[in-house]
Amino acid sequence: MRKVDMPERPGWREAAAELGFTFADMHREPYWDESSAYEFTLREIEDDIEDPAAELHGLCREAVAAIVASEELMTRLAIPEPHWDLVAESWHRNAPEIYGRFDLAYDGTGPAKLLEYNADTPTSLYESASFQWGWLEEQIALGVLRPTDDQFNSIHEALVERFRTLFAPGTDLHFAAMAGNPEDYATVEAMGWAAREAGLGAHYTDLEKIGLSEDGQFADAEDRVIATLFKLYPWEDLLRDPFAAHLAGAGCLLLEPAWKAVVSNKGLLPVLWQMFEGHPNLLPAFFLADVEAAFSGGAPAPAVAASFARVPHLAREHVVKPLFSREGASISIVENGQVTDASPDQGYAGHPKIVQAYQPLPVFDGFRPVIGAWIVGTACCGIGIREDRGRITQDLSRFKPHYIRD
């Protein structure tokens with residue numbers, strides 16, 4: 001794995017605008033940045049990212065089964081009690097999932113480490129699945145890359161096949177996001193594009209325009225009943241929305257399913273460590289309430305005391321994360337027992353927290369990359385890379401293309 005400077009494609013910004021990639025620059029900073037790219041070997045991709053990500057997905061599904069069967073864990077993950085049955089029932093009837101994104105720390109020299117799982121509403125889908133593939137093809141045509149170079153990216157094709165597997169031809173699906181957010185719209189449009197290619201009907205609607213019919217079904221602004229809805233609206237918010245009272249009786253298949261509420265939650269991380277302690281792709285993690293006393297000379301909770309004792313460095317070197325957070329908000333890094341870095345956005349600080357062993361991100365040319373490993377169905381089918389100058393990846397991170405060379 002290395003970072004390689006290379007020329008940008010002539011006119012790529014104009015092409016991005018024509019394709020609807022209107023957020024290639026955000027906050028007066030570049031978001032899509034092709035002045036350099038990350039190069040991987042095929043072995044790094046297959047052995048260190050693709051296979052481990054697929055295995056992590058399997059571990060997460062095992063964790064779901066344990067969580068929905070435990071009132072204690074449902075409580076600790078802050079799943080609202082009135083919706084425990086909704087979440088558990090969606091798991092027990094095998095409500096289908098479409099996609100997710102593991103965020104991994106990886107430098108090319110050791111096992112990739114799971115930082116978190118964006119299992120419910122991951123964005124950066126369009127730029128991962130489509131725009132960076134176009135970059136690869138054009139850079140090969142321009143002679144910047146070799147004809148034998150490749151990219152770990154079958155995300156779009158995997159989505160098409162996933163929709164084709166789950167739904168009969170001609171089935172109508174609705175895709176919804178909050179109005180006025182170009183990044184969210186690009187994500188649902190990428191999903192709709194795959195559904196249409198799979199032979200399905202795909203209708204976009206603004207989330208805020210979804211209403212209820214007289215018999216309690218969801219309906220769009222044109223009064224069409226919504227039988228299947230992909231909603232780019234996180235479960236932790238939806239379950240606290242007054243609309244949640246209508247979920248059970250609406251007869252609507254929701255994508256992602258309600259059981260994703262327990263894996264898009266950072267409480268998943270200590271559950272995984274409890275179940276699979278020592279797994280090479282996991283970082284030690286605990287609920288803060290269980291170990292906070294140990295940080296000041298006290299004792300951890302008896303249930304985790306033995307596990308905590310096996311990672312003595314964690315008391316002084318760790319990251320504190322709220323159960324719910326977006327773009328690095330309310331995250332802090334502790335080194336030598338002191339907070340050395342913290343997100344300026346404290347919008348999620350009121351939520352319960354977990355602690356995770358601190359895994360420094362590698363540094364390439366002053367930037368720290370995070371590997372986003374995309375899961376569609378049960379397989380890992382591509383990556384997208386975001387890099388940030390800071391140690392906490394936030395909303396000013398840049399998206400970088402990648403290629404494979406052997």
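Heavy-atom basis, side chains included; hydrogens, waters and symmetry copies ignored.
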Any chance you could lay out the side-chain contact (heavy atoms from CB on, under 4.5 Å) test for T41 and I404, step after step, and finish with the verdict? CA-CA 5 Å; T41 66; I404 302 169; 5.9 Å; no
Only one of D48, D51, D406 passes salt bridge (charged side-chain N to carboxylate O under 4.0 Å, His left out) with R43, and that residue is D48
Decide yes or no on side-chain contact (heavy atoms from CB on, under 4.5 Å) for H57 and Y117, but give the supporting numbers first. CA-CA 9 Å; H57 179 263; Y117 187 19; 3.4 Å; yes
Please tell me if the side chains of L268 and V262 come closer than 4.5 Å, counting only heavy atoms from C-beta onward. no
For P369 against L361, the heavy-atom pair lying closest together: O-CD2, 3.8 Å
E317 side-chain N/O to N336 backbone N/O, donor-acceptor pair under 3.5 Å: yes
Worked check of side-chain contact (heavy atoms from CB on, under 4.5 Å) between I98 and L166: CA-CA 9 Å; I98 302 295; L166 292 175; 3.6 Å; yes
Heavy-atom pair of closest approach, residues D120 and E256: O-CG, 3.4 Å
Heavy-atom count check: over 12 atoms from other residues, nucleotides or ligands less than 6.0 Å from R61 CZ? yes
Over 12 foreign heavy atoms within 6.0 Å of CG, D85: no
Are the side chain of S90 and the backbone N or O of W259 linked by a donor-acceptor pair below 3.5 Å? yes
Using a 4.5 Å cut-off on heavy atoms from C-beta on, say whether the side chain of I226 contacts that of Q217. no
What's the spacing between L114 CG and L59 CG if we round to 0.5 Å? 9.5 Å
Donor-acceptor pair, Q132 side chain versus I383 backbone, under 3.5 Å? yes
Would you tell me whether E55 and H279 have side-chain atoms, one donor and one acceptor, within less than 3.5 Å of each other? yes
So do the side chains of L283 and V319 get within less than 4.5 Å of each other, counting heavy atoms only? no
For M178, is there any backbone N or O sitting under 3.5 Å from a side-chain donor or acceptor partner on N181? no
Quick one: does S130's side chain have a donor or acceptor within less than 3.5 Å of a partner on Y126's backbone? no
Option passing side chain to side chain donor-acceptor pair (under 3.5 Å) with Y403 (candidates Q139, E39, Q151): E39
Backbone N or O of G199 within a donor-acceptor pair of the R164 side chain at under 3.5 Å? no
Test H174 against D220 for side chain to side chain donor-acceptor pair (under 3.5 Å), laying out the working first. CA-CA 9 Å; H174 278 75; D220 65 16; 2.9 Å; yes
Quick one: does W84's side chain have a donor or acceptor within less than 3.5 Å of a partner on I79's backbone? yes
Do the non-hydrogen side-chain atoms of F243 and F218 ever get within less than 4.5 Å of each other? yes
Should M6 and L145 be marked as a side-chain contact (heavy atoms from CB on, under 4.5 Å) after you check the CA-CA gap, both sets of side-chain angles, and the distance that decides it? CA-CA 9 Å; M6 58 182 55; L145 294 176; 3.9 Å; yes
Against the six-membered ring of F131, is R9 placed for a cation-pi contact (under 6.0 Å from the centre, within 45° of the normal)? yes
Report yes if the distance between the aromatic ring centroids of F324 and H351 is under 6.0 Å, otherwise no. yes
Supply the atom-to-atom distance M1 CE to I45 CD1, rounded to the nearest 0.5 angstrom. 9.0 Å
With the side chain counted from C-beta on, respond yes when F40 and D150 share a heavy-atom pair under 4.5 Å apart, and no when they do not. no
Heavy atoms of L253 and P96 approach each other most closely as CD1-CD, 4.0 Å
Counting C-beta onward and ignoring hydrogens, is there a side-chain heavy-atom pair between I333 and V320 closer than 4.5 Å? no
Locate the shortest heavy-atom distance separating N281 from A112; write the atom from each residue and the value. ND2-O, 2.7 Å
Kindly say whether the aromatic ring centers of W193 and H156 come within a distance under 6.0 Å. yes
Assign the ring pair Y185 / Y204 to parallel, tilted or perpendicular, where the plane angle (0 to 90°) is split at 30° and 60°. perpendicular
Are more than 12 heavy atoms, taken from residues, nucleotides or ligands other than E8, located less than 6.0 Å from that residue's CD atom? yes
For residues L323 and K353, determine if any side-chain heavy atom of one lies less than 4.5 Å from a side-chain heavy atom of the other. no
Are a donor atom and an acceptor atom from the side chains of E34 and W32 found within less than 3.5 Å of each other? yes
Is E387 salt-bridged to K3, going by a charged N under 4.0 Å from an acidic O? yes
For M26, all residues meeting side-chain contact (heavy atoms from CB on, under 4.5 Å), sequence neighbours excluded: F23, Y31, E183
Do you know the tightest heavy-atom contact between E116 and L269? CA-CD2, 4.3 Å
Should the heavy atoms of other residues, nucleotides or ligands under 6.0 Å from CD of Q274 be counted, would the total exceed 12? no
Quick one: CZ on F230 to OG1 on T121, what's the gap to the nearest 0.5 Å? 8.0 Å
Do NZ/NE/NH1/NH2 and the carboxylate oxygens of R93 and E89 come within less than 4.0 Å? yes
Charged N to carboxylate O below 4.0 Å: is that the case for R391 and D341? yes
Min side-chain heavy-atom separation L73-V271 under 4.5 Å: yes
What distance do I392 atom CD1 and S397 atom OG have between them, rounded to the nearest 0.5 Å? 13.0 Å
Do T165 side-chain atoms and E161 backbone N/O form a donor-acceptor pair below 3.5 Å? yes
Pairs flagged by side chain to side chain donor-acceptor pair (under 3.5 Å) wherever residues 360-386 is involved - sequence neighbours left out: D103-R386, S128-W374
R28 backbone acceptor or donor facing D25 side chain under 3.5 Å: no
Listed pairs under 3.5 Å, donor-acceptor, residues 284-310 side chains, sequence neighbours left out:
from: D290; atom 1: OD1; to: R76; atom 2: NH1; distance (Å): 3.4
from: D290; atom 1: OD1; to: R76; atom 2: NH2; distance (Å): 2.9
from: D290; atom 1: OD2; to: R76; atom 2: NH1; distance (Å): 2.8
from: D290; atom 1: OD2; to: R76; atom 2: NH2; distance (Å): 3.3
from: S296; atom 1: OG; to: A293; atom 2: O; distance (Å): 3.3
from: S307; atom 1: OG; to: E277; atom 2: OE1; distance (Å): 3.3
from: R310; atom 1: NE; to: E277; atom 2: OE2; distance (Å): 2.6
from: R310; atom 1: NH2; to: E277; atom 2: OE1; distance (Å): 3.0
from: R310; atom 1: NH2; to: E277; atom 2: OE2; distance (Å): 3.4

Nearest heavy-atom approach of Y99 to L159 is CB-CD2, 4.4 Å
Salt bridge check: are R162 and E97 linked by an N-O gap of less than 4.0 Å? no
From CH2 (W235) to NE2 (H83), nearest 0.5 Å: 9.0 Å
Working to the nearest 0.5 angstrom, can you tell me the gap between K209 NZ and E222 CD? 9.5 Å
So, the side chain of K321 versus the backbone of L115: is there a donor-acceptor pair under 3.5 Å, distance only? yes
